Amino acid sequence: MTVTIGGLTLKNPVMTASGTFGYGEEYASSVDINRLGAVVVKGISLKPRKGNPPHRIMETPSGMLNAIGLENPGVDVFLRDKLSFFTQFDVPLIVNIFGDTIEEYAKIADILSSEKRINGLEVNISCPNVKEGGWAFGIDPERSYRVTRAVREATELPVIVKLSPNVTDITVIAESVEKAGADAISLINTVLGMSVDIEKRTPHLGNIVGGLSGPAIKPIALRMVWEVVNKVSIPVIGIGGITSPSDALEFLITGAKAVQVGTANFINPRATVEIIEGIEDYLVTHGIHDVNDIIRTLNVRSTV
Amino acid sequence: MLSLEFPGSFGRPLPGQFLMIRIKGSIDPLLGRPFSVYSYEKKGERVHIEVLYKVVGVGTRHLSQVRRGAVLEAYGPFGKTFEIMEHVEKIVLIAGGIGVAPVTYLASHNHDTIPQEFRSEVICYFGVTSAKRLIGIEKLKNYCTELHISSDDGSVGYHGSVIQLFESDKERFESEKTILCVCGPRIMLQKLSNLEGIEKFRCYVFMEERMACGRGACLGCAVMVRDITGEVAFRRVCTDGPVFDLREIVWDYRI
């Protein structure tokens, strides 16, 4: 079940998605963290961020909107209070990072790089809830290039860049970050969405607009993974509505080298482990010995 | 009312705690919904928990259509526990509508864990919109020294809101000798916080907010508070609450 991504060796292709697994402690009683391919913790910025006012979430058909607002304790508190939880596990730890300016991205990459326990960085250029900084970078190939380049130059750690689906052509952004030196690309982040209370005549979210996640976005995510794997050579990590082993397999067959499980953790804290076991079962029943033998094995009749 | 049966290993919920309940395998509705514990009983090898709820949306509507014998998924107990640790002369409970559920559980826990000679007087104020919404008093009155009812439409008890009812009676309570525990709609809690002199009382409110994970990871259930430095901050209802000091809560988000 081993896969390698940008120099990182994962015991299986299943990771947790940033923002859905906290900093690990919240799920430790439900899941053996050592069984996971990797853990991606909630996004960290240089300074603490309070996040958005209520309401921050709203369920929608087969999914949910979130406008958390990137609430996080900031890098200093993360290093002081949250990182030590992982010393007891040998799972690869990837820290999601974001900033308001390119300099902040580089600075936080630099700070985190001197921590031995951290095995990789995931660069959030795509969060749709930020009014400045993140929102602007992810939709622009030139700025995506510059952010990736700045992080690349600030660290020796594997750099994964997480893309936004809220763009006209995600492959343009993907090619741009590959050129800038990303070791891998993860996609997709949440899809911009909205929901309205018809009695109060107000948006359901305090921020009005939020990011949609969950089963509803899986077809969008899968399609984008398909488009990106056909354009870049670096590994692609698939994210978006994966709740079952068969969902994960759809992404692997389409070309993702690994997957991230996010919203599913809310409804089933053991989702990650069940998905790992389900992939293993699939390999056994199909007589396949190495998960890499199913990655990018999609049969298409016409050329794209 | 939802009556659930659990394996005996399911942890005993304490007052303040809640369960995340969903229909197994459901994608739509997707998320579990949080429900305060209304009652708990260990019957041999099984645990029986009751949850009292109102149909307010998609999730609760689906739950209300579930039939006897159905298998649901429930996670928990979640939330910081809340117990009244000091002996006070009077405990005042104020419940609005479905808020009667956690307030009743608190009262029953208090009653069961404190020996008779140390029990406080428990004065309950329970407000409903109308008489047909009156549920739960049979259980609640077992734990109250006094029980006063109010209804918005005057069909039962005092005609007015439960906060107006409490306000008309509050002069008899001495703030150092009383603890208030309150649960109800946000508007009710906000009205309580605006009552003259209320800040002198120790007053605890059971808050609620939309939840996704229920366990502190997603940061969805934020409530705005003023922390000890006077700064505005957000706390998680599922992990830092659901019970908060009334005086901490910031009601107006426009800051």
Side-chain angles (χ1 to χ4, degrees), chain A residues 16-30 41-43 48-73 195 197 199 204-207 210 213-216 218 241 243-244 247 262-270, chain B residues 11 20-34 56-62 72-78 186-187 207-227 231-239 241 249-255:
Chain A
T16 60
S18 168
T20 67
F21 212 69
Y23 300 105
E25 291 171 88
E26 298 83 356
Y27 284 91
S29 55
S30 307
V41 293
K42 163 112 188 165
R49 286 177 76 109
K50 286 206 204 332
N52 288 334
H55 303 283
R56 290 180 170 181
I57 59 178
M58 181 65 196
E59 187 186 84
T60 54
S62 305
M64 58 174 280
L65 290 169
N66 92 75
I68 309 292
L70 296 171
E71 177 182 333
N72 79 93
S195 177
D197 184 326
E199 292 304 327
H204 276 125
L205 297 174
N207 193 55
S213 67
K218 198 186 84 175
T243 60
S244 69
D247 292 334
T263 301
N265 294 309
F266 303 154
I267 62 178
N268 175 8
R270 293 185 43 81
Chain B
M20 290 294 279
I21 301 176
R22 62 189 296 273
I23 293 166
K24 194 173 169 67
S26 176
I27 290 297
D28 186 12
L30 181 71
L31 304 171
R33 296 327 196 232
V56 295
V58 171
T60 39
R61 196 174 347 112
H62 276 250
L72 300 175
E73 273 183 349
Y75 295 99
F78 294 132
R186 194 180 168 84
I187 291 178
M207 299 293 289
E208 67 172 353
E209 183 50 70
R210 284 187 212 130
M211 293 184 186
C213 75
R215 59 183 75 209
C218 74
L219 309 184
C221 61
V223 60
M224 193 184 273
V225 299
R226 207 165 283 286
D227 67 22
E231 280 271 306
V232 156
F234 293 110
R235 299 275 181 266
R236 298 161 295 180
V237 171
C238 69
T239 308
I249 308 289
V250 174
W251 300 102
D252 188 345
Y253 303 143
R254 293 162 299 176
I255 29 132

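Every value quoted in this text rests on a predicted model; they were computed, and no experiment measured them. Every chain is numbered from 1 and lettered A, B, ... according to where its sequence line falls, protein lines coming before strand lines.
- Residue A:N265: no heavy atom, backbone or side chain, is found under 4.5 Å from chain B.
- For A:Y23, the ring pair (Phe, Tyr, Trp, His ring centres under 6.0 Å) partners two or more places apart in sequence, or in a different chain, are A:F78.
- Under the 4.5 Å side-chain criterion, counting only non-hydrogen atoms from C-beta, B:I21 is not in contact with B:R33.
- Here the closest non-hydrogen pair linking A:F266 and B:L31 is CB-CD2, 4.3 Å.
- When the candidates A:K42, A:K50, A:E59 are compared by the number of heavy-atom contacts under 4.5 Å with chain B, A:E59 comes out ahead.
- Only the side chain of A:S30 comes within contact range of chain B, with heavy atoms under 4.5 Å apart.
- For A:Y27, the ring pair (Phe, Tyr, Trp, His ring centres under 6.0 Å) partners at least two apart in sequence or on another chain are A:F21.
- The candidate from A:A216, A:S62, A:P215 with the greatest count of non-hydrogen atom pairs under 4.5 Å with chain B is A:S62.
- Looking only at distances, no side-chain donor or acceptor of B:D227 sits under 3.5 Å from a matching main-chain atom of B:A233.
- For B:R215, the parts lying under 4.5 angstrom from a heavy atom of chain A are both the backbone and the side chain.
- For B:M20, no part lies under 4.5 angstrom from a heavy atom of chain A.
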